[in-house]
Amino acid sequence: MVNSGLKSRKVSFRIPYYTQWGQNLLICGSDRLLGSWNVKKGLLLKPSHQGEELVWSGSIPVPPGYQSEYSYYVVDDRRNILRWEVGKKRKLLLPDGLQDGQSLELRDLWQTGSDNIPFRSAFKDVIFRTSWSLGSERPLEITQNKLDQDGSVILQFRICCPYLEEGTSIYVLGSSLNLGQWKIQDGLKLAYAGDSLWQAACVMGKDDFPLKYKYCKHSEAGTSVECGASREISVDVTTGESGFVVLSDGLMREMPWRGAGVSIPMFSVRSEADLGVGEFLDLKLLVDWAVESGFHLVQLLPINDTSVNCMWWDSYPYSSLSVFALHPLYLRVEAISENIPEDIKQEIREARVQLDKKDVDYEACMATKLSIAKKIFTREKETILNSKSFQEFFSENQEWLKPYAAFCFLRNFFETSERSQWGRFSEFSKEKLEKLISKESLHYEVVSFYYYIQFHLHLQLSEAAEYARKKGVVLKGDLPIGVDRNSVDTWVYPNLFRMNTSTGAPPDYFDKNGQNWGFPTYNWEEMSKDNYGWWRARLTQMGKYFTAYRIDHILGFFRIWELPEHAMTGLCGKFRPSIPISQEELDSEGLWDFNRLTHPYIGQDLLQEKFGASWTIIASTFLNEYQKGFYEFKDECNTEKKIASALKSFLETSMFVESEEKLRRKLFDLLQNVALIKDPEDPRKFYPRFNVEDTTSFVDLDQHSQNVLKRLYYDYYFHRQEGLWRDNAFKTLPVLLNSSDMLACGEDLGLIPSCVHPVMQELGLVGLRIQRMPSEPDVEFGIPSQYNYMTVCAPSCHDCSTLRAWWEEDEERRHRFFQAVMGSDELPPDQCTPEIVHFVLRQHVESPSMWSIFPLQDLLALKEDYTTRPAVEETINDPTNPKHYWRYRVHVTMESLLSDKDLTKTIKDLVRGSGRFYPQKDLESGQAKLKLGSEHPSQTQKYGLANK
């Protein structure tokens with residue numbers, strides 16, 4: 001019975017969670033009793049084994065009316081945070097009926113990143129978006145006198161259900177009489193409490209335990225019960241104390257949501273209205289086509305301004321001039337004003353004909369659009385710049401917009417983005433910026449033109465984004481891993497970047513020599529000082545337009561492949577951060593000749609092997625002989641950039657038959673022939689050269705030295721860094737995820753450390769699977785049917801050849817694929833026929849992956865009419881070529897594709913037949929409604945005895 005003399009209530013916490021040795025669980029919250037968000041002062045829980053579960057529990061006495069927010073944390077013995085829950089903070093609020101001396105027990109489940117996915121904007125605001133709204137309901141009150149009997153307890157059931165069709169209710173059914181004894185008509189109906197949370201309470205007696213139960217959806221159409229085994233609860237009623245137990249049961253267990261999408265760069269889209277390149281407003285046509293084809297998603301490459309060089313080099317979409325500004329290339333000049341005079345309209349019509357080419361003419365498109373936009377701006381600048389809508393845009397974006405516009409002016413004025421050539425403007429200061437852009441400045445009209453362009457780009461992309469939302473289509477953007485060395489961001493925030501370094505990737509599927517992207521690496525230590533404010537602002541900006549995004553090279557948030565600024569290739573780098581090999585380690589292993597290990601090992605035999613009879617000319621031009629038969633590079637050509645420059649000068653006066661590219665590659669091979677790389681900032685630290693066993697520097701060492709280096713190599717690349725990289729990712733990635741509501745997908749291709757996938761899983765990051773680049777070792781082709789749910793699967797991507805081109809590239813590989821994947825011993829056809837394409841696409845769309853996203857080129861290959869163009873011309877990027885021209889255009893307009901009902905039916909049948917959800921147009925509202933593929937086992941099942 002209740003002891004009325006007690007003036008406090010006891011709150012108990014209980015959560016099942018498996019930890020490793022040395023780990024503990026604690027609760028920290030907003031109130032003083034839970035540590036005031038200071039983990040060191042939080043409530044440490046105690047573990048106990050209960051059946052097969054490890055359950056952590058603890059309790060605190062609280063005063064009447066107590067309330068607090070709280071979260072669970074995994075900590076070490078010193079209460080250092082090792083892991084924390086993802087998602088919103090929990091709320092603790094004492095029930096109205098809780099009396100003195102009674103207890104409140106909170107039974108929680110650990111919140112993972114995947115639990116939070118339905119509340120990301122891709123689902124919340126697009127896929128699960130409804131035209132009807134739920135109002136919070138007041139649950140039926142449980143009166144205190146119902147607790148008067150010994151051993152009675154009030155159970156409050158709480159379940160999250162992010163998507164519910166109109167006219168549907170949530171019930172809990174179970175083994176007790178109060179839960180209907182599994183009969184829906186007698187079950188407990190839950191009330192909506194807001195934020196997708198449903199709850200209801202009822203009194204249970206001691207005879208009701210152990211209690212089995214499940215949640216279900218019920219409507220006139222029938223009843224669907226959550227998947228999996230029945231939930232079960234036992235309450236210790238032997239103490240005779242009555243109280244409340246709150247069951248926070250997480251998400252309703254339903255069959256995982258699966259959808260499909262299409263990917264295409266913005267510049268590759270073709271329409272009847274564009275000026276030689278895809279434009280933001282063309283997205284509306286692409287969205288319409290996506291809906292017709294059964295797709296819930298449209299994925300783009302980066303759309304930020306890349307106009308660093310003002311030439312076709314800027315076609316590279318990952319080299320941002322500004323991470324905030326949109327690219328003027330995607331502006332529809334015809335839509336920026338309703339009062340365009342006839343002569344400018346005629347100029348637009350003529351330009352449309354001239355620029356309607358097979359591929360994008362980047363320079364011509366940019367010049368034409370800016371020229372026409374400037375003429376319109378001159379006519380209406382006063383009206384627009386003084387308008388309320390522009391003033392609101394300017395006020396909200398001025399932090400990045402002002403320096404961006406100033407940078408564009410200075411770039412054009414000095415005819416270079418290399419700011420060392422800008423005189424007193426070389427170093428950024430707010431004072432100089434404000435003078436340059438003030439309305440009294442002589443240059444204000446030029447500067448304000450860039451405001452005007454960004455304003456209209458914002459309006460046009462916002463219009464397209466809202467159109468996609470209403471149609472039930474997720475717009476997925478792309479977050480580049482780097483920024484251009486000569487960008488607005490490095491000018492304004494030079495302290496955030498390591499300007500003497502370059503970003504890249506070690507040798508992998510894309511390039512056996514590694515990649516050097518040329519971006520400076522990030523100064524994470526400096527970025528952390530304001531809790532990564534630059535990243536938070538960047539994600540907030542993206543979230544204005546997109547509801548999902550791809551994190552380019554997500555491995556860079558664990559560690560980045562860092563190269564010296566003077567490197568041109570990506571081979572001789574090191575990971576940052578990483579634990580280097582110390583001089584003391586090498587000393588203890590008997591390796592003392594550091595010059596031999598870290599300097600290029602160039603013997604006469606190697607020179608003769610590479611250059612034949614011409615080796616003496618090469619040696620006398622680029623090398624010095626420091627001892628008989630061994631050479632070193634001269635000071636004027638001892639880096640890759642110096643070699644490239646010296647070679648160019650040398651070939652102007654020589655008669656070499658070999659091409660400059662081949663000679664440069666051979667000279668680079670000499671320079672890269674080292675076993676260890678010395679840290680440029682600390683001469684007592686070293687890093688193993690990637691693929692060191694392939695070098696003659698390694699091969700010519702004695703057996704002992706080889707064995708030591710092999711061991712240190714595998715330790716450096718595959719063992720000693722894992723904890724460091726994991727910790728680094730947990731510092732940076734949560735900042736991205738918490739900066740917006742967008743659904744985050746990580747591009748996790750390449751050399752994958754073992755810590756990457758567990759971290760991504762814990763944070764709720766969706767990975768990427770490309771069939772020809774399997775993440776499993778010793779497998780040539782990925783098996784889509786075995787992919788993890790938390791993935792995007794695709795047959796190809798922008799960084800590799802299309803499905804058609806890949807099929808035609810390699811006859812032996814084609815035969816292996818035809819045999820191993822398609823199950824045929826026959827000779828495969830030379831061309832990738834529509835039947836083969838259909839087979840591969842069906843494999844992917846039927847996979848367990850959350851998303852199947854197909855490049856538009858691979859979808860067009862389903863129909864022979866669209867395969868007349870050579871397959872190699874459909875490739876978007878060649879990662880081995882740092883100066884690749886990104887200019888591919890789809891050879892058919894979106895209007896024509898929309899009218900091709902045969903193709904859209906073929907694609908939609910694929911999606912429907914796979915059991916993936918697809919948008920179906922609501923004829924009354926014009927919006928897309930959520931539908932499930934009909935040939936898959938139904939997601940709604942009639943409730944029967946088998947579910948008990």
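Predicted model only: the values in this text are computed from it and were never measured. The figures here come from the full heavy-atom set of this structure, side chains too, leaving out hydrogens, waters and symmetry mates.
- With a 4.5 Å cut-off on side-chain heavy atoms, His891 and Lys358 do not count as touching.
- Using modelled atom types and a 3.5 Å distance limit, the side chains of Gln515 and Trp517 yield a donor-acceptor pair.
- With a 6.0 Å radius and a threshold of 12 heavy atoms from other residues, nucleotides or ligands, Lys905 has its NZ atom at or below the threshold.
- A salt bridge is defined here as a Lys NZ or Arg NE, NH1 or NH2 lying under 4.0 Å from an Asp or Glu carboxylate O, and Arg813 with Glu780 fails to meet this definition.
- For the atom pair OG (Ser114) and CE (Met850), the distance works out to 8.0 Å, reported to the nearest 0.5 Å.
- Salt bridge Lys470/Asp288: absent, no basic N to carboxylate O contact under 4.0 Å.
- Taking every heavy atom of both residues into account, His553 and Gly504 meet most closely at NE2-O, 4.3 Å.
- In this structure a side-chain-to-backbone donor-acceptor pair under 3.5 Å is present from Gln454 to Leu326.
- Between Arg332 and Asp282 there is a salt bridge, with a side-chain nitrogen of the basic residue lying less than 4.0 Å from a carboxylate oxygen of the acidic one.
- Between the side chains of Asp900 and Tyr866, at least one donor N or O lies within less than 3.5 Å of an accepting N or O.
- The pair Arg887-Asp361 does not count as a salt bridge, with every side-chain nitrogen at least 4.0 angstrom from each carboxylate oxygen.
- Of all heavy-atom pairs spanning Ser502 and Thr521, the tightest one is O-CG2, 3.8 Å.
- By the 4.0 Å N-to-carboxylate-O rule, Arg804 lies close enough to Glu874 to be salt-bridged with it.
- Using cut-offs of 30° and 60° for the angle between ring planes, the Phe280 and Tyr330 rings count as tilted.
- Cation-pi geometry between Arg814 and Phe817 is not met at under 6.0 angstrom from the ring centre and within 45 degrees of the axis.
- Relative orientation of the Tyr522 and Trp535 rings is perpendicular, given thresholds of 30° and 60° on the angle between their planes.
- Inspection of the Asp858 and Ser796 side chains reveals an N or O donor paired with an N or O acceptor under 3.5 Å.
- Taking the side chain as every heavy atom from C-beta outward, Ile554 and Glu747 never approach each other to under 4.5 Å.
- Summarising the local packing, CH2 of Trp534 is surrounded by more than 12 heavy atoms from other residues, nucleotides or ligands at distances under 6.0 Å.
- Between Met760 and Met790, the closest side-chain pair of non-hydrogen atoms is not below 4.5 Å.
- Residues Ser487 and Phe519 have side chains not in contact (no heavy-atom distance under 4.5 Å, counting atoms from C-beta outward).
- In terms of modelled atom types and a separation under 3.5 Å, the side chain of Thr791 and the main chain of Cys793 share no donor-acceptor contact.
- A salt bridge is defined here as a Lys NZ or Arg NE, NH1 or NH2 lying under 4.0 Å from an Asp or Glu carboxylate O, and Arg550 with Asp552 meets this definition.
- The two atoms that bring Val333 and Ile336 nearest to each other are O-CG1, 3.1 Å, heavy atoms only.
- The local environment of CD in Glu864 is sparse, with at most 12 non-hydrogen atoms from other residues, nucleotides or ligands closer than 6.0 Å.
- At a threshold of 4.0 Å, the pair Lys369-Glu279 counts as salt-bridged, since one of the basic side-chain nitrogens sits closer than that to a carboxylate oxygen.
- Not a single donor-acceptor pair under 3.5 Å links the side chain of Ser739 to the backbone N or O of Thr540.
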Applying ring-ring contact (aromatic ring centres under 6.0 Å, His included) to His798 and Tyr318, what does each step give before you reach the verdict? CA-CA 12 Å; His798 68 273; Tyr318 288 89; 5.5 Å; yes
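- Crowding of Gln761 atom CD: a count of heavy atoms from other residues, nucleotides or ligands under 6.0 Å not exceeding 12.
- In summary, the side chains of Gln831 and Thr833 do not present any donor paired with an acceptor at a separation below 3.5 Å, with no hydrogens or angles considered.
- Rounding to the nearest 0.5 Å places NZ of Lys471 at 12.5 Å from CD of Glu466.
- Between Phe123 and Trp851, the ring planes are tilted. Angles from 30° to 60° get that label.
- Note: Trp257 and His296 have tilted aromatic rings, judged against thresholds of 30 and 60 degrees for the angle between ring planes.
- Figure legend: cation-pi geometry between Lys124 and Phe119 absent, as NZ or CZ is not positioned both under 6.0 Å from the six-membered ring centre and within 45° of its axis.
- At a threshold of 4.5 Å between non-hydrogen side-chain atoms, the residues Ser785 and Gln843 do not count as touching.
- With hydrogens and angles left out, the side-chain atoms of Asn304 and Ser320 include no donor and acceptor closer than 3.5 Å.
- Classification of Lys908 and Glu292 as a salt-bridged pair fails, no side-chain N sitting under 4.0 Å from a carboxylate O.
- Donor-acceptor pairing under 3.5 Å is lacking for the side chains of Arg842 and Ser847.
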